[in-house]
Amino acid sequence: MFPTIDKNETFPARELAVGEFWREHDIYHKSLAAREGAPPFVFYEGPPTANGMPHPGHCLTRAIKDLFPRYKIMRGYRCERKAGWDTHGLPVEVEVCKELGIHSKEEIEAYGVEPFIHKCQQSVWRYMQEWRRLTERIGFWVDLDQAYVTYHQSYVESVWWSLKTLFDRGLLYRGHKIVWWWAQGGTALSSGEVGQGYREVADPSVYVKFPLMDDQGVDVGVSFLVWTTTPWTLPSNQFIAINPDLHYCNVFDEETKETLIIASDLVPAIESKIKRPLKIVNELDSDRLVGSRYRPPFDCYYDADSPSEWRVVAAEFVTTDSGSGIVHQAPAFGEVDYDVLVREQTKNPGKSTPKLINAVAPNGTFTEEGPDYCRGRWVKDCDKDIIRDLKSRGLLFHQEQYLHDYPFCWRAEEDPLIQYPRESWFIRTTEYKDQMLANNAKINWLPDHIKDGRFGKFLESNVDWALSRERYWGTPLPIWVCEETGKMEAVGSYEELIAKPQAAGIEVWEEAKAQSPDLPDDLRIHKPYIDSVTYESPYAKGARMRRVTEVIDCWYDSGAMPFAQWGYRGQESGAVKERFESQFPADFISEALDQTRGWFYSQLAISTLMFGKDESIESSLSPVPCPPYPHPFKNCIVLGLMLGEDGQKMSKSKRNYREPNEIFDRYGADALRWYLFANQPPWTSIRYSEDAIKDSIPEFLLRLWNVYSFFTIYANIDEFDPSVELKVDEADGSHKKENSERPAQMSTDTLSQAPSYRPIPERSELDRWILSDLNAACATVVERMDAYDNFGACQQITRFVDSLSNWYVRRSRDRFWAKDKRSTDKLDAYWTLYECLLTTTKLIAPFVPFLAERLWQDLAVALFQGETSGQSVAESVHLCDFPEGEGSVVDQALSEQMDLVRLISSLGRQARSAAELKVRQPLSKVEVILADTTHQAWLEEHAAVIAEELNVKTVEFSDEPEKYVDHEVVPNFKLLGPKLGKLMPKVKGILAKQSGSELLANVRDNGQIDLVVDGQQIALTAEEVEFRIQAKPGWTSANDKGVVVVLATEITPELLAEGWIKDLIRVVQDQRKEIGCEFTDRIKVGVVTECTELRTAIQQFLERIKQETLAVEIVFEPLVGVTPMSTKIGDASIELYLRVSS
RNA sequence: GGGCGCAUAGCUCAGUUGGUUAGAGCGCAGCCCUGAUAAGGCUGAGGUCCCAAGUUCGAGUCUUGGUGCGCCCA
């Protein structure tokens, strides 16, 4: 017996039970064990941060990460899934600061770095339970208990090892770089962080006069007109830049009687700004301007003897898009400005080399070196005073407001960022740009435009990775500096550190641990403890080596996970090395689009630098044999972003989405998964749509469930039990066993051992058809999934389940209702449907794992439990092999034929609907006209099916189609286009004008159509034209895809009577249900009516009514003690009495 | 300002190398079926495939230029 179905049980409730089953029986690990020794399929989990609540967008990531590993493991690969957590970084610090109600670095220091770090470590796990719950509830099989954690000592040390390797290869360097600086927070922001904070603001835009001087330093009465939007950087001016490719000229301002130098192209723009004309005096030689001296507006740093500063430099980046074509350069506050300084420094080595000028302190206020009225004030607040000052000294030419996008701190939204020079650590990624590009070219990106588009473009504009962060909670940068000489060393592990000569300071950690024994040991390698560890300098006697203060960008942490997840530190041998090498590179990763510059880049960069092919690296420094490209991942699905229900970014405060937990409780994880997998390719950005999730249930889950439910109801009634069917007949002695040692997966080779299981070719067409469709669907699903196309795979599955439900089961119903429980046809039907359900169960297992498991348990496991048949069945569907589709079962012709039957039925119904002839009313005949008669003979043999579907007595395939249809001849554009070219429209016109029937006859007789177009002889073969048919008006008909169905609409008295009987049967069936009959109950029926014709008809069809309604007796009088129901059959009123027969 | 992507029915989305009737689901309307019943089926209405120009015998699809939106970068 199959388990009976509890109709009140919900999908979510079933899922919870399945989840429990998986946990209890440890199915995930069993699925790995079953693939011991199998080829690996390597998956990397991009570590989420458990520092915030998961939302529906995370569900997509976690679902897709589950889908492919589940699929691959069923396909015979071994796919380990190690979970991971991203735990470091500014977001964690910000979270803790919020909690503590503090903001700046000063406040953190005042609070104490040590307790602050403890808080960070605790805060990391704040939403851990939610994340675990989401992960398990959505059915993401991943090893949470063996998760890698980026703050763990082994992880940090692995990162250290890689940094040491890069340092020793000269790829990790300290530089001076202009960074986006959050002055209030005292830290630089990564480009990603900066990008989040752009806002449109109005800033002052000023045009300032910089007087030109001769070589002796004497003003010549002409000024450069210089444009800037950051007046506060003017005191730190060091150069002005022009573009020698542009033209410059002297212009005379009549009003002020001044001569100014401006780019010629910009004169009109400036004239319109100041609303008065300027007189062009003469063109200037741009090249001769370069190197000329000027007087800067502030003399804070001015040194008339400097050979290179306060001179005009040439720069390509100067454009005529805005301003004056002459750009103020303050190298301290702009990246391109800084590059100019570096260039000038290179040109002027030695004593006279220009030094970086900077009148601003790290906290964003002017230093003592700035103008007196600015000192100690926030720079942006000084803009007005600086402008006033310039005006009073007659240096201001023009001033206005300028609207542009400017970055603010992404967490402290009121704080504008400034560009500011900081000492910072960099990874020399630019040196590996070409290798990264070569590597990228070999990665299979989905969608593929990421490769040369977003990601490729990003790589091409690669700049060195700014690695260091002047923060607290992160992987400490493992560089120790000699306090005496400034020489540096990288340290590769904690062990290595404390083994250094005269290492000291470890006791700081030990004391803290003694005081609070609960402190996780991993903290010993973090700030502030690690900062206190010093050792003897090998470079200067008596000097100590001290660690630099910075931590590193947490993107480096996550990008290092391919090796750091195993704690790999270049081990020459052993388990760790084996783990790493066997799990590198990844076959598959997937994250959302926002990771392009995040995890996708950090992984690729680190991997290419560490393990890429590079002849210049000594082999001892290249820790693993260079893997073949691509690495560290071969296939990457870049997921679209999920927006909220209103199309806006998902936001808690807007409440434009539902908590994942609520989705699971209402609709279930499978409904959500199916919605995510089956509705669009995964890289489409979608709106969260509750209705679409809900729709997965009737559209797919419930439809399949109903088929399953139908099957078990009748299998139980008929006592069709595969475990009994498969029971080996002892007397027979033919004790068959599966060859494999694995438990049975209930595929064809197992099922076919049952004596009642007939070979497929011997079964009815319907059975062969659905099994053909099933196997074709399997093959396509495999093909699509191997190409990482879950959407295409799901479409196949949907199509198949529709065929199964809306054609196979519907068409087979009376086979299941047949009396003889053991008839060959009935057993065939059961075996066919059973096999379809089992295979579908496996087919859907990666997509909707909960439903699949439940079906498997009920359809397979439950039957064989406690059986002594010698059969053992796979404990879980997820331990089965994925069905690949058996080619020999696929019958292409049969599929086409059945499609035609379905099309004809559909057209017939359409015609009926147009003529308002309900299906219950029998009609005498339909005529079918086919444009393509390939399958006509077959269809004629199967006319009964069509007759039944359309409730007609006969189906005829008209031999005089001209009666019903017009032929239209259309050129086959695809074939004729290249051949005819410009003649095409004319040929089309000629064909349309001629009689279709004649042309058809032409083709039949001569095999071709001869035309004369523009005096040219043209012969069209049968293939080069397409005959379309169109129903002639005047008939009740419908046509589509070369098929016309014509309905005979005359209703004879016989047909009418039969229609009544159909109506009556339906009413009786309704009433059966009304009084709560079991499916097998026999009934007694009483019909009371005035209408003699109806009574006659009932007499006439008595046996049929009895059979279909399981009635033992039908009488024309009331049944005693039964409440009748009143209804109408045709025009006749009847009283219907019905009761269960004793 | 630059890069990338998107724009198709009321809504959510498909649409293969360009080929002549542009599809699905939901929603809406009408009908049917119900011995699968939190069901199921059929039919209909609903489209300037964002706009413009171009390439082509032929453009939802290719090119260019706009417009709008999103993401990334400045």
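Numbers restart at 1 for each chain; the letters A, B, ... are given by sequence-line order, proteins then strands.
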Taking [atom1] from [X] and [atom2] from [N], how many angstroms apart are they, rounded to a whole number?
X        : N     : atom1 : atom2 : result
A:Ile450 : B:C73 : CD1   : P     : 14 Å
A:Leu983 : B:C57 : CG    : C1'   : 9 Å
A:Trp445 : B:G5  : CH2   : C1'   : 15 Å
A:Leu855 : B:A36 : CG    : P     : 18 Å

**Prompt:** With sugar-phosphate meaning primed atoms plus P, OP1 and OP2, does A:Ser685 contact a base, only sugar-phosphate, or nothing at under 4.0 Å between heavy atoms?
**Reply:** sugar-phosphate

**Message:** Heavy atoms only, 4.0 Å cut-off, all strands: where does A:Val970 land among base, sugar-phosphate and nothing?
**Reply:** nothing

Separation of the [atom1] atoms in [N] and [M], to the nearest angstrom:
N     : M     : atom1 : value
B:U48 : B:A52 : C1'   : 13 Å
B:G41 : B:G46 : P     : 24 Å
B:U21 : B:G65 : C1'   : 32 Å
B:C49 : B:G5  : P     : 23 Å
B:G10 : B:G2  : P     : 34 Å

**Asked** Do A:Trp445 and A:Asn440 have a side chain donor and acceptor closer than 3.5 Å?
**Response** yes

**Message:** Given a 3.5 Å cut-off on both pairing distances, which stems involving RNA chain B, each at least three consecutive Watson-Crick or G-U pairs, are present, if any?
**Reply:** B:1-7 with B:67-73, B:10-13 with B:23-26, B:28-32 with B:40-44, B:50-54 with B:62-66

**Fill in**
Of A:Gln921 and A:Phe791, the one whose closest nucleotide on RNA chain B sits nearer the 5' end is A:Phe791

**Request:** Find which nucleotide of RNA chain B each of A:Arg597 and A:Asp695 is nearest to by heavy atoms, and output the residue with the more 5' nucleotide.
**Result:** A:Asp695

**Asked** Do side-chain atoms of A:Glu9 reach the backbone of A:Arg14 as a donor and acceptor pair under 3.5 angstrom?
**Response** no

Which of the following nucleotides, [options], is nearest to the side chain of [X]?
X        : options             : result
A:Arg454 : B:A14, B:G3, B:A36  : B:G3
A:Met984 : B:A36, B:C57, B:A14 : B:C57
A:Lys974 : B:G35, B:C71, B:U17 : B:U17

Give every pair of a protein N or O atom and an N or O atom of nucleotides 38-42 of chain B that lie under 3.5 Å apart, one pair per line with the distance.
from	atom 1	to	atom 2	distance (Å)
B:A39	O2'	A:Asn706	ND2	2.4
B:G40	OP1	A:Pro698	O	3.4
B:G41	OP1	A:Arg703	NH2	2.9
B:G41	OP1	A:Asn806	ND2	3.2

**Short N-O contact, A:Arg902 and A:Glu949, less than 4.0 angstrom** = no

